[in-house]
Number of protein chains: 2
Amino acid sequence: MGIVERKEREREEMRKLILEGAQKLFLTNGFDKVSIRNIADEIEYSPATIYLYFKDKNELFFSLHQKAFLKLIDEFTPIATIQDPMETLIEMGRIYLRFAFENPELYDLMFIMTAPIDTLACRDDVWEDGHRAFGLLQLVVQRCIDAGAIKHPNAEQAGLMIWSTVHGLVALHLRKRMSMFEEDAQKLLDNVFELFIATIKRGL
Amino acid sequence: MGIVERKEREREEMRKLILEGAQKLFLTNGFDKVSIRNIADEIEYSPATIYLYFKDKNELFFSLHQKAFLKLIDEFTPIATIQDPMETLIEMGRIYLRFAFENPELYDLMFIMTAPIDTLACRDDVWEDGHRAFGLLQLVVQRCIDAGAIKHPNAEQAGLMIWSTVHGLVALHLRKRMSMFEEDAQKLLDNVFELFIATIKRGL
DNA sequence: AAACTTACTGAACACTGTTTAGTAAACAAA
DNA sequence: TTTGTTTACTAAACAGTGTTCAGTAAGTTT
């Protein structure tokens, strides 16, 4: 009786087909252009079919946002080889910034858009992906504290402060709130990040 | 010949009527519920009429965003009485945070949503409101530098770093990316802000 | 071969922003 | 006052959106 297994497999493949169609659309045309009908066209199915595999559009966006988190976590892997905890923290920041610049739509989806988070709210679930990613940062910050590189004893608070600064830079840039600065955005953000690192090295 | 003047006055009043209808709707029902038809209903005019006073919905949102900036700038006025520049900077941060907590929809409109900024982009104009507000911050930072409270010589960079941190905190909170923290959001943000202040006092 | 189940879709519903043709009132010129 | 012109407004339509549902055709089981 391998039929139910095959059906389950086919179901998974259909979900994958829909998600990849959606991802292709928004990585080329931008998120606003990703409608259920456009996705249906892209994968050559009817719009109604998508609702047999996803509860609504938010749930589809939530799945995309999960895929994006896998990609970010994956880009963090090189930091495992770094010995010095402060160097690890700095490299994490650089990778985070680079990810945001190279994948602005994905970053927006992960940390700015409300769509993926709304699907969690309505089934009052926790934001596991965010939780896990912040856990990674908090761990590195804790190691900095243990090594004496950071004096503040609360790794959660210190971690949130660091995350906020880097996210703030990215969010202001992605949502076009940095038009008052002449400098090239990438360079500007890199410079401010280095300034921030220097500041916490002395003051945190 | 006071007719053209009266007409101009009536035109301004109509714009005001539309804007206030729109503001009332989103301050009670949230931004998603603000449609051109809803505004039209609210002010008892036809939807098409709105387009005689605003180019499109983005321009309407842009006007609302301008009104919000007047409100924020207004809340900054008390800082003029503070002598110590570092205390001024800290109080600015507290006011900024309070504004964001008390007016989440307005903050979102001013610093996160793309709608108001898009109207600037298409007539390639500069973001005056943002420019002016950041100018205020930069001025205070410069005074901190002049007083020796901040060592870093570049007020623009330092100002952007400070803005990014505070905006990051607010943006993560408003877009529901802080669900992993048990603590009450307001308290958490206040604590992290105080930690940040302590950090820049020592390290910036 | 008949009965049942599953996968899918066309068409509709209730919205959205926006445009356009047409109307009625206000104003200007005769 | 009557005519012509401008202004202010709207009904209706267009093209799009997310979502639901009745109906169909194929796959599966009895």
Side-chain angles (χ1 to χ4, degrees), chain A residues 1-19 21-22 25-26 29-64 109 113-119 121-123, chain B residues 1-19 21-22 25-26 29-64 109 113-119 121-123:
Chain A
M1 184 67 87
I3 289 179
V4 292
E5 284 85 349
R6 196 206 65 212
K7 290 263 164 113
E8 187 51 43
R9 235 173 21 240
E10 283 175 350
R11 201 178 154 73
E12 265 320 301
E13 266 179 50
M14 190 62 176
R15 275 182 71 98
K16 212 176 144 191
L17 184 71
I18 294 168
L19 284 172
L25 276 179
F26 91 73
N29 302 39
F31 239 114
D32 298 347
K33 298 287 162 64
V34 183
S35 70
I36 298 291
R37 280 172 182 82
N38 288 149
I39 300 169
D41 269 7
E42 175 70 29
I43 62 174
E44 296 177 301
Y45 277 84
S46 119
T49 301
I50 293 171
Y51 287 88
L52 301 172
Y53 296 89
F54 294 92
K55 189 184 143 282
D56 54 24
K57 206 189 173 186
N58 283 346
E59 195 177 287
L60 206 160
F61 277 18
F62 178 74
S63 282
L64 285 180
L109 182 66
M113 291 188 165
T114 55
I117 275 348
D118 287 343
T119 210
C122 78
R123 53 184 213 218
Chain B
M1 187 66 85
I3 288 179
V4 294
E5 283 84 352
R6 197 204 65 212
K7 290 263 164 113
E8 187 50 45
R9 230 167 32 234
E10 283 174 350
R11 203 180 152 73
E12 263 323 298
E13 265 178 51
M14 189 63 175
R15 274 182 72 99
K16 212 176 145 190
L17 184 71
I18 295 168
L19 283 172
L25 277 178
F26 91 72
N29 302 37
F31 239 114
D32 298 347
K33 299 286 161 65
V34 183
S35 70
I36 298 292
R37 279 173 183 81
N38 288 149
I39 300 169
D41 269 6
E42 175 71 27
I43 61 174
E44 297 177 299
Y45 277 85
S46 117
T49 301
I50 293 171
Y51 287 88
L52 300 173
Y53 297 88
F54 293 93
K55 190 183 143 283
D56 54 24
K57 206 188 173 187
N58 283 345
E59 195 177 286
L60 206 161
F61 278 18
F62 178 74
S63 281
L64 285 179
L109 182 66
M113 290 188 168
T114 54
I117 280 337
D118 286 343
T119 209
C122 77
R123 54 183 210 217

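Note on naming: letters A, B, ... go to the chains in the order of the sequence lines (proteins, then strands), and numbering restarts at 1 for each one.
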Next item on the list: Sugar-phosphate means primed atoms, P, OP1 and OP2; the rest is base. With that split, encode nucleotides 4-17 of chain C 5' to 3' as B, S or - using protein heavy atoms under 4.0 Å.
Entry: ---SBBB-B---BB
Tabulate atom names and distances for all N/O pairs under 3.5 angstrom spanning the protein and nucleotides 21-23 of chain C.
none

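Remark: B:E10 pairs with B:R6 by the salt bridge (charged side-chain N to carboxylate O under 4.0 Å, His left out) rule, at least two apart or across chains. Applying the side chain to side chain donor-acceptor pair (under 3.5 Å) criterion to B:T119, with sequence neighbours excluded, gives no partner residue. For the ring pair (Phe, Tyr, Trp, His ring centres under 6.0 Å) test, residues two or more places apart in sequence or in another chain that qualify with B:F62 are B:H65. Every residue two or more places apart in sequence or in another chain that forms a ring pair (Phe, Tyr, Trp, His ring centres under 6.0 Å) with B:F26 is listed here: B:F31. Checked against side chain to side chain donor-acceptor pair (under 3.5 Å), B:R15 has the following partners two or more places apart in sequence or in another chain: B:S63. A search for side-chain contact (heavy atoms from CB on, under 4.5 Å) contacts involving B:D118 returns B:N58, B:T114, not counting sequence neighbours.
Contact of the A:L109 side chain with the A:P116 side chain is registered, since non-hydrogen atoms from C-beta on lie closer than 4.5 Å. For the pair B:I39 and B:V34, the minimum side-chain heavy-atom distance is below 4.5 Å.
Between B:I39 atom CD1 and C:dT18 atom C1' there is a gap of 13 Å when expressed in whole angstrom units. Atom pair B:I43:CD1 and D:dA8:P shows a separation of 15 Å (rounding to whole Å applied). One atom, NZ of A:K55, and another, P of D:dG18, lie 14 Å apart when rounded to the nearest Å. When rounded to the nearest whole Å, the span between CD1 of B:I50 and C1' of D:dA8 equals 14 Å.
Listed by first and then second residue, the side chain to side chain donor-acceptor pair (under 3.5 Å) pairs involving residues 35-56 of chain B are B:K24-B:E42, B:S35-B:N38 (not counting sequence neighbours).
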Margin query: Once pairs are restricted to Watson-Crick or G-U wobble with both distances under 3.5 Å, how does DNA chain C read as a dot-bracket string, [ ] for crossings and | for other-strand pairs?
Written below: |||||||||||||||||||||||||||.|.
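Across B:L17 and B:I43, no two heavy atoms sit closer than the pair O-CG2, 3.6 Å.
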